[in-house]
There are 2 protein chains.
Amino acid sequence: MVTIKDVAREANMSVATVSRVLNGSGPVSEETGRLIRELAGRMRYVPHSGARSLITSKTETLGVLLPDLYGEFFSEIIRGMDSTAQRHGFHLLISRTYADKHEIETAMRAMRGRVDGVVVLSPDLDADSLLNLPSTIPVVLLCSVAKGNEMDSLTIQNCRGARDMVTHLVKLGHRRIAIIKGSPRNYDATERLRGYRMALRDAGITPEASLEREGDFSDAAGYAAAIELLAMQKRPTAIFAANDAMAIGALSALRESGVRVPEEIAVGGFDDIPLARYMDPPLSSVHVPIAELGARAVEMLLHGVTHKNDHPRRRERVSTELVIRRSTGGESAERPPPRTLKRETVST
Amino acid sequence: MVTIKDVAREANMSVATVSRVLNGSGPVSEETGRLIRELAGRMRYVPHSGARSLITSKTETLGVLLPDLYGEFFSEIIRGMDSTAQRHGFHLLISRTYADKHEIETAMRAMRGRVDGVVVLSPDLDADSLLNLPSTIPVVLLCSVAKGNEMDSLTIQNCRGARDMVTHLVKLGHRRIAIIKGSPRNYDATERLRGYRMALRDAGITPEASLEREGDFSDAAGYAAAIELLAMQKRPTAIFAANDAMAIGALSALRESGVRVPEEIAVGGFDDIPLARYMDPPLSSVHVPIAELGARAVEMLLHGVTHKNDHPRRRERVSTELVIRRSTGGESAERPPPRTLKRETVST
DNA sequence: AACAAATATGTAATCGTTTACATAGAGGGC
DNA sequence: GCCCTCTATGTAAACGATTACATATTTGTT
């Protein structure tokens, strides 16, 4: 593997000069510059980033700690992060962890010397507390807000989004609106529940415990909860699932039970995953700009990395948008399946 | 940031001893070992991996070069890679590129000194040729087979999978079976086309150009192709889409046109993405074990990395499996939406 | 003509590790 | 008591870059 020394020898120059040419630091004669650049190219010299980061104490790499989550959310958030990072010349070191304190801590240490900063996605409410340990590198906390500590955080406008959806249902005349909740330990889930209750109160409706069903963001949970709701004497006329996966599970339960959506029961989800529009009926949801979330997290992190000294900690929130389709029967329903997709879906 | 020197000073020992303790190399007294380990833990010492990799010339990191692809495929393959890598104590450095020669090459160099090996997912047939440059580190080529060079490759059993699906359609009595193709520059697409033709020939049917429609793996393309097929005087009785996204697009075109599936036209896809089973009717497809694909790629790469000297190049292929649901009306149709999902879908 | 300033280049220290080699004391066999 | 072999530790040289400082050459000012 060719090193800077090899190039220097070949060019009859010192390594310092080569380094200066390649980094554009310090003065060099035009001729020397050309020679060395040409030589370096021909010899396929690429600086060893480990060596470089050792002396500059910069790695130009950002760490990403993600819980073991699946599907569209994962890929979208990485896309947002990577494109932003790449635009700034940074790489992404990705690590999946279980969202538990110990694992996160282990992963954090493993990143030492490899990254200039870390984005931690920690929807598990417990996990954030340990993160209070003063980290030596900048950290951005995603989908969770750490209590009174020293890192940036970025969250989804969960409460507002849920409130919008439920208010939408209320406007359609629904009074008995059920919710299929997420895990009580999940930050997003608790916020969405808060928004649900808020919207009901806004409408003068008293939240009712029997209409709040446990769930865990899985489609199986959505299915089970829907079955339970159907068994009630006083059925709800609308169901708000705290995420689309559960909404889809619920839809399939309703279909099996011969319940018409939205005529007998309206269904709304949260996330607006791509398949939402392909459901039958197409699922109304709360759109979350996932890639944007990732992009913004990296931007915040990069600011922390480059302005380490003066970087005021921030708490931001990306906004959501209500997307009305046929599953809630709203008047302004979106047209049936769109012909063009913003983004191409590539199979393999 | 605490270094090995700090620990050594605190322990009144030389850095060599500390290094030996922490790496379990060389002999140390039990007492010294305990002392240093305890101290290192308390001081939160973590070795600087850059420095370490400089001297050992190992990074314990694998690079992953992915085209800008979306959705489930991306996250699943990363999952498979990461879990395997983690099990071997390796990290993943992920970079998205456009699948073009220049970009791939740039990304490859940027990885120099950062990784011990690279997995390159290069479905674009052109891109593989440049990869022939003798890379200094091991490379595993995914979803593409490089011509007569020196890297491992791992592909999907595309041809066989497509053949199985089409044969299944033939067995149901179909004779006029259309295909919605992928890009002719895409390796998976061309192989699936090959499988389609093979199955037809096996059944004594002559492939017909008018039944082979262009597509690009996007749902929009599937929709458009289906519309075209419906406009033919002699409509096909079955459609095989080269991936699920196009199959879903086709389904929605058929629904809009009031064509019953599978009674009037049967539809089969490829990939078996998670939403396939939620379609109406549930979509028959060819299951691709995506996570496994990623896992196997990393395994091959790790073998190349650790047995650098004697590592015979291999060409492997992961097998697919036909999944019959209602969209092809096969007799042994899978039961309606499964109640439990192997993997939990977490929203955020 | 002399000297300062600017330009081009080289020398060597440094970053945080690992590790080959050196050293020193302890134990054992004769 | 001598030598050999362990065991435990220290010393210092790498690894491949960057960069402060030194040096030599050129240019410009007076």
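In what follows, chains carry the letters A, B, and so on, assigned in the order in which the sequence lines appear, proteins first and then strands, with residues in each chain numbered from 1.
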Undergrad: Think T3(B) has a side-chain N or O under 4.0 angstrom from the OP1 or OP2 of dG16(C)?
TA: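 Answer no for this pair, as no side-chain N or O of T3(B) is under 4.0 Å from OP1 or OP2.
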Undergrad: What contact category does T32(A) fall into here, base, sugar-phosphate, or nothing, at under 4.0 angstrom with non-hydrogen atoms?
TA: sugar-phosphate
Undergrad: Can you identify which nucleotide, out of dT18(D), dT18(C), dG10(C), has its nearest atom closest to the I4(A) side chain?
TA: dT18(D)
Undergrad: Mind calculating the distance between CE (M13(B)) and P (dG10(D)) to the nearest angstrom?
TA: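 Rounding to the nearest Å, CE of M13(B) and P of dG10(D) are 5 Å apart.
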Undergrad: Nearest whole angstrom, please: distance from the C1' of dG10(C) to the CZ of R9(A).
TA: 16 Å
Undergrad: Where the side chain of T17(A) is concerned, which of dA17(D), dG10(C), dT17(C) is the nearest nucleotide?
TA: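 Within the option list, the nearest is dG10(C).
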Undergrad: Give one of base, sugar-phosphate or nothing for S19(B), where a contact means two heavy atoms less than 4.0 Å apart.
TA: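 Base contact.
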Undergrad: For residues H91(A) and D82(A), is any side-chain donor paired with an opposing acceptor at under 3.5 Å?
TA: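 D82(A) and H91(A) do not have a side-chain donor-acceptor pair below 3.5 Å.
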Undergrad: In whole angstroms, how far is the C1' atom of dC15(C) from the NZ atom of K58(A)?
TA: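 In whole Å, dC15(C) C1' and K58(A) NZ are 14 Å from each other.
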Undergrad: Between dT11(D), dT9(C), dT17(C), which nucleotide has the shortest distance from any of its atoms to the side chain of R20(A)?
TA: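 The answer is dT9(C).
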Undergrad: Does N12(A) reach a base, just sugar-phosphate, or nothing at all? Heavy atoms under 4.0 Å.
TA: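 Contact class for N12(A): sugar-phosphate only.
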Undergrad: May I ask you to decide if L62(B)'s main-chain N or O and D116(B)'s side chain share a donor-acceptor pair within less than 3.5 Å?
TA: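 No, D116(B) side chain to L62(B) backbone: no donor-acceptor pair under 3.5 Å.
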Undergrad: What I want to find out is whether R34(B) reaches E38(B) closely enough, with some N-O distance under 4.0 Å, to be called a salt bridge.
TA: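 E38(B) and R34(B): not salt-bridged.
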Undergrad: Which nucleotide sits closest to the side chain of I55(B): dT11(D), dA12(C), dC15(D)?
TA: dC15(D)
Undergrad: Measure CZ/R114(B) against P/dA17(D) and give the value in whole Å, please.
TA: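 Taking atom P of dA17(D) as the reference, CZ of R114(B) is at 13 Å.
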Undergrad: Starting at atom CD of E30(B), determine the distance to atom P of dA8(D), rounded to an integer number of angstrom.
TA: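 Rounded to whole Å, this separation is 9 Å.
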Undergrad: Check every strand shown and say whether P27(A) touches a base, only sugar-phosphate, or nothing at a heavy-atom separation below 4.0 Å.
TA: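 Base contact.
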Undergrad: With nearest nucleotide decided by heavy atoms, which residue, N23(A) or V28(B), maps closer to the 5′ end of DNA chain D?
TA: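 Residue closer to the 5' terminus by nearest nucleotide: V28(B).
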Undergrad: Could you tell me how far apart K5(A) (NZ) and dT11(C) (P) are, to the nearest whole angstrom?
TA: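 About 13 Å, once rounded to whole Å.
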Undergrad: Counting side-chain heavy atoms from C-beta on, which of dG16(D), dT17(C), dT19(D) comes nearest to A16(A)?
TA: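 The nucleotide sitting nearest to the side chain is dT19(D).
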Undergrad: In whole angstroms, how far is the C1' atom of dG16(C) from the CE atom of M1(B)?
TA: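 In whole Å, dG16(C) C1' and M1(B) CE are 12 Å from each other.
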Undergrad: Indicate yes or no for a side-chain donor-acceptor contact from S144(A) to the backbone of L142(A) under 3.5 Å, with no hydrogens or angles considered.
TA: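 It does not hold such a pair.
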Undergrad: Measure from CG on L54(A) to C1' on dT18(C) and round the result to the nearest Å.
TA: 13 Å
Undergrad: May I ask you to say what V46(B) touches in the nucleic acid, namely base, sugar-phosphate or nothing, with a heavy-atom cut-off under 4.0 Å?
TA: sugar-phosphate
Undergrad: Just checking, R96(B) and F74(B): is the charged tip under 6.0 Å from the six-membered ring centre and within 45° of the axis?
TA: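 Positive - R96(B) is close enough to the ring of F74(B) and near enough to its axis.
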